Each structure stands twice: as C-alpha cells, then as structure tokens.
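Only one structure is covered here, and it is reproduced in the block below.
Order of appearance sets the numbers: ligands from 1, and atoms from 1 within every ligand. Computed from heavy atoms alone, side chains included, the values below leave out hydrogens, waters and symmetry copies. For clarity, every value in this text was computed on a predicted model and none was experimentally measured.
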Amino acid sequence: MQLTRRQFTKALGTTMGCAAIPTKAWGYTPKALNLTASKSTNPIFIKEKPGALTNLWTFNQKSPGPMLRFNVGARVKVNLHNKLPQPTSVHWHGIRLKNSMDGVTGLTQSGVENGESYLYDFELPDAGTYWYHSHNKAWEQVARGLYGPLIVDASNDPKVDHDIVLLIDDWQLDNKGQIRENSFGSLHDWAHAGRLGNWITVNGKSNPLYSLKVNSRIRLRLINPANARIFNLNFTEVTPKIISLDGYPVTPFESATLTLGPAQRVDLIIDLPENLPMFRLEIVTNTNPLTVARFALDPNLGRGDRALNPEIILPKGPNPPEAGPTALRVPIHMQGGAMGNLKSAKLNGQMISLRELAQKHRKVWAFNGRVGGYDYILAKANLGRLVILDVQNDTRWSHAMHLHGHHFWVKSKSNPVEDSSSKRDTYLMKPNENAELIFVADNPGLWLFHCHMLEHHAGGMGAVLEVV
Ligand code: C2O
Ligand code: CU
C-alpha cells in the first residue's frame with residue numbers, strides 16, 4: 001500500500017506544538033510499575049481530520065506506551081494488567097533476560113487473559129535503545145498500538161543537550177482515521193511484504209516538531225515498531241553520526257540516510273551547526289520524500305554546550321571468535337511467500353502443497369522445508385557454545401530476522417558490516433542474501449528466532465533455539 005498523496009502534501013508547512021518527550025517519566029523506582037493493556041482512543045489522525053480519534057489498543061492509554069527508562073543493571077518489575085478482549089503478553093525486545101520473562105505467549109508463558117495480571121521481573125544487562133511490545137497475535141496487537149520505548153542508560157553515555165526517542169510507525173487507516181480491521185489476517189499481506197500502513201506517525205503524532213537549543217548536541221533514538229515497513233530515512237541539512245545499532249555500540253560513522261527494518265533501532269548524534277534554523281527527518285520514496293518529523297531552533301531554550309563535548313567514544317566489544325570444531329552450525333533455508341520456489345512443506349509431520357498450506361492452514365513460509373512454529377526446535381545448543389545460524393534467504397522478499405535472548409554478530413558476503421565487532425538483535429536480510437548470525441549461547445531456555453515482519457512470522461517464519 002502506498003502512502004497517501006494527501007499526507008505528502010500536508011506534511012509540509014503545517015504547524016504543531018512542541019512535543020516534549022518525557023525523559024525520566026518512570027524514574028528508577030524499585031516498586032512494580034503498572035502497564036495496563038486496554039482499548040483507548042488517540043488523536044493519531046488529528047492532522048488529517050481535526051478532532052479525529054482513532055480506536056487503538058494501548059498500554060496506559062497511549063501509543064507509544066509509557067517510556068520505560070532505567071539505569072543499566074537495574075532490576076525491573078512491571079505488572080501487566082490485561083483489559084483487552086484477547087489474551088496478551090509483553091516481550092522486551094532485545095533485552096537479554098531470563099527466559100521465563102521473555103513474554104512469548106505459547107512458548108515462554110501462557111497468554112494473560114482479560115481481567116488477569118502478570119508480573120514481569122528481570123534485570124537489564126545492557127545499556128541502549130530497546131522497546132517492548134505485545135507478543136500474542138502481534139500482527140494484530142502491535143498494529144493496533146501495543147508497544148512502547150524501553151531505554152537503558154549508562155554512566156558513560158555521551159553527554160548530550162537533547163536525548164529524543166522517535167518511534168516511527170505506519171498505520172493502516174480508513175478515511176475516517178480508524179484501523180482497517182477487515183484487512184487483519186489478509187493472506188495477501190502474509191505472503192507478500194506484510195501489512196503496510198498508509199499513515200505515518202512519529203511518537204503517535206503526524207509530523208511533530210521538536211524544539212532545540214542553539215549550539216546543541218542531540219541524540220536521536222529511532223525505533224521502528226511497524227509490522228512490516230522498512231523505513232528508508234534521510235535527514236535534511238545535517239549528517240548525523242550513527243553510534244549504535246539495536247542498542248549495541250558501533251564505531252561511529254556519518255550518514256544522512258539510513259534503513260530501519262521492523263524492530264530495528266538506530267542511535268545517532270547530531271551536532272547542530274551554529275546557523276542552522278531547522279532540519280527535517282524524511283522518508284525516501286519513489287516520488288517526493290515525505291517529512292515525518294521536524295527539528296527547529298528555539299532561542300528561548302538557551303544554549304547547549306556541544307562545543308565543550310569531546311568526540312564520542314563508546315566502549316567496543318570483541319570481534320566474533322573463530323568458529324572452531326566445537327561451533328554449532330545451524331543451516332536455515334528460508335523459502336516461501338509469493339513468487340517463491342516453495343512447492344510444499346511439512347506441517348505436523350505431513351508434506352502439504354503450498355496451495356493447501358495457504359488456503360487451509362494460512363501458512364506460506366518455511367525453514368528447511370518445514371513450516372515454522374513453537375514446536376519446531378531448530379537446534380539444541382549447550383550453554384556456552386558458539387552458534388552460527390547459517391541463514392539463506394531463498395525468497396523474493398526482505399526479512400527482519402530477530403533472535404530472542406541474545407545479541408549476534410553478522411557476517412554477510414553480499415552486505416558486509418562496517419564494524420565487525422558490532423552486534424544486533426534484528427538483521428534485515430535482502431532477497432537471496434546468505435548471512436551468518438553468530439552468537440555465544442549463554443542464556444538457557446527456549447528462544448524464538450523469527451521474522452519481525454509480523455505477518456511473515458504468523459505465516460510460518462519462526463522457530464525455536466533451545467539452549468540447555
Ligand atoms: Cu520484537 Cu519475537 O519480537
Ligand atoms: Cu519476513
């Protein structure tokens with residue numbers, strides 16, 4: 001689905017109040033925080049239709065949900081209360097936590113029913129930009145708004161004048177601004193690129209304006225909570241320095257453009273030039289770029305002290321170890337989807353044609369000739385073992401492959417990473433790409449490996465790695 005023309009033309013030249021981002025909204029309290037999943041009505045479409053309220057499913061009546069922000073090493077307690085008409089659960093995306101807290105309905109817990117509560121209690125081992133989202137029927141629940149930011153601070157974080165979190169989402173709305181419900185579960189979406197929206201928001205607003213101090217150093221934390229859209233982003237007037245991917249530090253490099261696959265995050269630093277009044281973040285499209293957020297100087301805010309700040313140096317992790325004879329190599333041959341070469345695949349031990357899989361079972365993707373599911377154990381690794389997921393994307397589609405509970409190094413011949421020490425939790429694979437996702441299996445439990453194009457996951461692109 002294309003972005004609407006109306007949004008293109010309305011994106012520019014409109015006014016909107018300054019949207020301040022609470023930076024310490026929840027503080028560091030040792031008490032359990034409350035996260036209530038419920039229906040709510042939110043003004044995400046208000047720019048197109050003044051006064052419009054969209055029926056969403058949200059955490060604490062907001063989408064994005066409340067900013068959860070803690071210091072690295074903190075113990076977190078979150079009490080989830082479910083007031084939705086469906087069971088739900090919360091996954092803490094990218095956090096290397098204990099398996100029982102991973103929040104995957106049907107794998108690490110059962111769904112929290114309407115009227116029930118569930119206490120999440122875990123620690124935060126790594127600083128960085130993360131997010132949380134529903135992990136039951138995520139293809140519907142995340143699309144309805146059940147997600148929020150999770151930021152972990154460290155004392156050696158670069159000092160900045162502004163630290164702004166931006167969750168960029170696309171919604172599939174009808175012309176009244178309501179979620180198109182009858183397109184949930186569209187088999188076409190599941191077999192193609194996934195559910196793509198026609199309305200873009202940043203932090204739940206259309207084209208918000210952020211006010212900046214003169215001479216400031218800004219950290220932007222971009223998060224893609226969209227079901228399936230790959231955002232190709234561009235900054236006008238400034239060339240940011242990218243400092244981390246999926247929360248994990250990289251050797252800083254400059255780039256005005258960046259690609260953000262579903263569930264991925266990018267942190268970047270912008271040192272505002274003295275005489276620059278404003279810059280914009282835009283989505284690159286085949287036609288005109290679409291502005292999605294604006295940043296403007298506000299002299300009333302005073303001056304930042306960017307000039308006093310040194311170059312950014314972040315602690316670097318090690319390179320991936322050599323794969324010795326004890327490394328566990330796990331071949332993962334991804335097939336399926338529209339225009340693919342999958343003729344049939346195994347489901348519940350039976351070989352079934354793709355046509356029947358699609359029509360009767362709503363399954364269209366497979367790993368190694370088998371439709372994915374939570375009963376599909378791809379491999380069992382002993383604790384401490386080096387694991388190499390040897391992933392072959394033999395489909396016509398891109399896939400945002402996410403591993404729970406671990407961060408991995410990436411080796412790809414066709415798409416070499418700049419900094420071989422950097423790790424990710426979600427890797428965007430191009431059609432026909434072959435990549436090695438390398439990690440030390442240091443966290444026991446049942447860990448999901450799946451495509452974060454949520455329709456692809458629902459359609460069979462996900463299985464389990466067991467660490468024992
Ligand atoms: Cu962001 Cu399986 O999740
Ligand atoms: Cu996919």
Side-chain angles (χ1 to χ4, degrees), residues 64-65 88-97 99 101-109 111 129-143 146-150 167 169 189-196 223-230 246-247 260-265 332-340 342 363-367 371-374 378 391-408 424-433 435 437 445-465:
T88 194
S89 62
V90 181
H91 172 58
W92 315 94
H93 185 113
I95 305 294
R96 299 184 305 130
L97 41 55
N99 193 245
M101 293 292 127
D102 201 36
V104 181
T105 293
L107 182 66
T108 64
Q109 67 172 93
T129 300
Y130 301 93
W131 64 301
Y132 58 94
H133 60 82
S134 152
H135 214 302
N136 185 41
K137 285 183 84 180
W139 50 275
E140 175 181 351
Q141 295 193 0
V142 172
L146 284 166
Y147 64 80
L150 172 54
L167 292 105
D169 197 3
D189 286 355
W190 291 29
H192 290 74
R195 181 185 176 91
L196 298 175
I223 304 174
N224 179 356
N227 274 37
R229 186 176 289 275
I230 300 164
D246 295 351
L260 202 58
Q264 292 188 313
R265 290 88 64 211
I332 300 175
H333 181 211
M334 292 161 47
Q335 281 180 295
M339 300 174 287
L342 185 72
K363 297 294 177 191
V364 283
W365 305 94
F367 289 154
V371 172
Y374 294 167
L378 275 165
V391 191
Q392 170 75 40
N393 178 8
D394 193 8
T395 78
R396 303 288 288 271
W397 304 91
S398 293
H399 302 287
M401 302 311 296
H402 170 46
L403 176 64
H404 285 220
H406 299 78
H407 300 163
F408 52 75
R424 307 206 67 130
D425 56 54
T426 308
Y427 180 61
L428 185 61
M429 290 189 79
K430 301 201 169 92
N432 296 315
E433 183 176 349
L437 311 182
L446 297 168
W447 300 107
L448 196 52
F449 176 67
H450 68 97
C451 180
H452 222 287
M453 276 111 175
L454 299 172
E455 291 70 29
H456 293 178
H457 180 208
M461 191 173 275
V464 176
L465 284 144

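- Take a cut-off of 2.8 Å around the Cu ion (ligand 2): the protein N, O or S atoms inside it are His399 ND1, Cys451 SG, His456 ND1.
- In this structure a side-chain-to-backbone donor-acceptor pair under 3.5 Å is present from Glu433 to Lys430.
- For the pairing with Leu196, the side chain to side chain contact (heavy atoms under 4.5 Å, CB included) check across Met453, Glu455, Arg229 returns one residue only, Arg229.
- Taking the centre of each ring, Trp190 and Trp139 come in below the 6.0 Å mark.
- No side-chain donor-acceptor contact under 3.5 Å links Asn136 to the backbone of Gly111.
- Scored by the side chain to side chain donor-acceptor pair (under 3.5 Å) test, His399 finds Thr395, His456 as partners (sequence neighbours excluded).
- In this structure, His133 and His93 have tilted ring planes: the angle between them lies in the 30° to 60° band.
- Residues passing the ring-ring contact (aromatic ring centres under 6.0 Å, His included) test with Tyr132 are Phe59, Trp92, sequence neighbours excluded.
- With a cut-off of 2.8 Å, the protein N/O/S atoms near atom 2 (Cu) of ligand 1 add up to 3.
- With a 4.5 Å cut-off on side-chain heavy atoms, Trp447 and Asp102 count as touching.
- No donor-acceptor contact under 3.5 angstrom links the side chains of Asp246 and Tyr130, judged on distance only.
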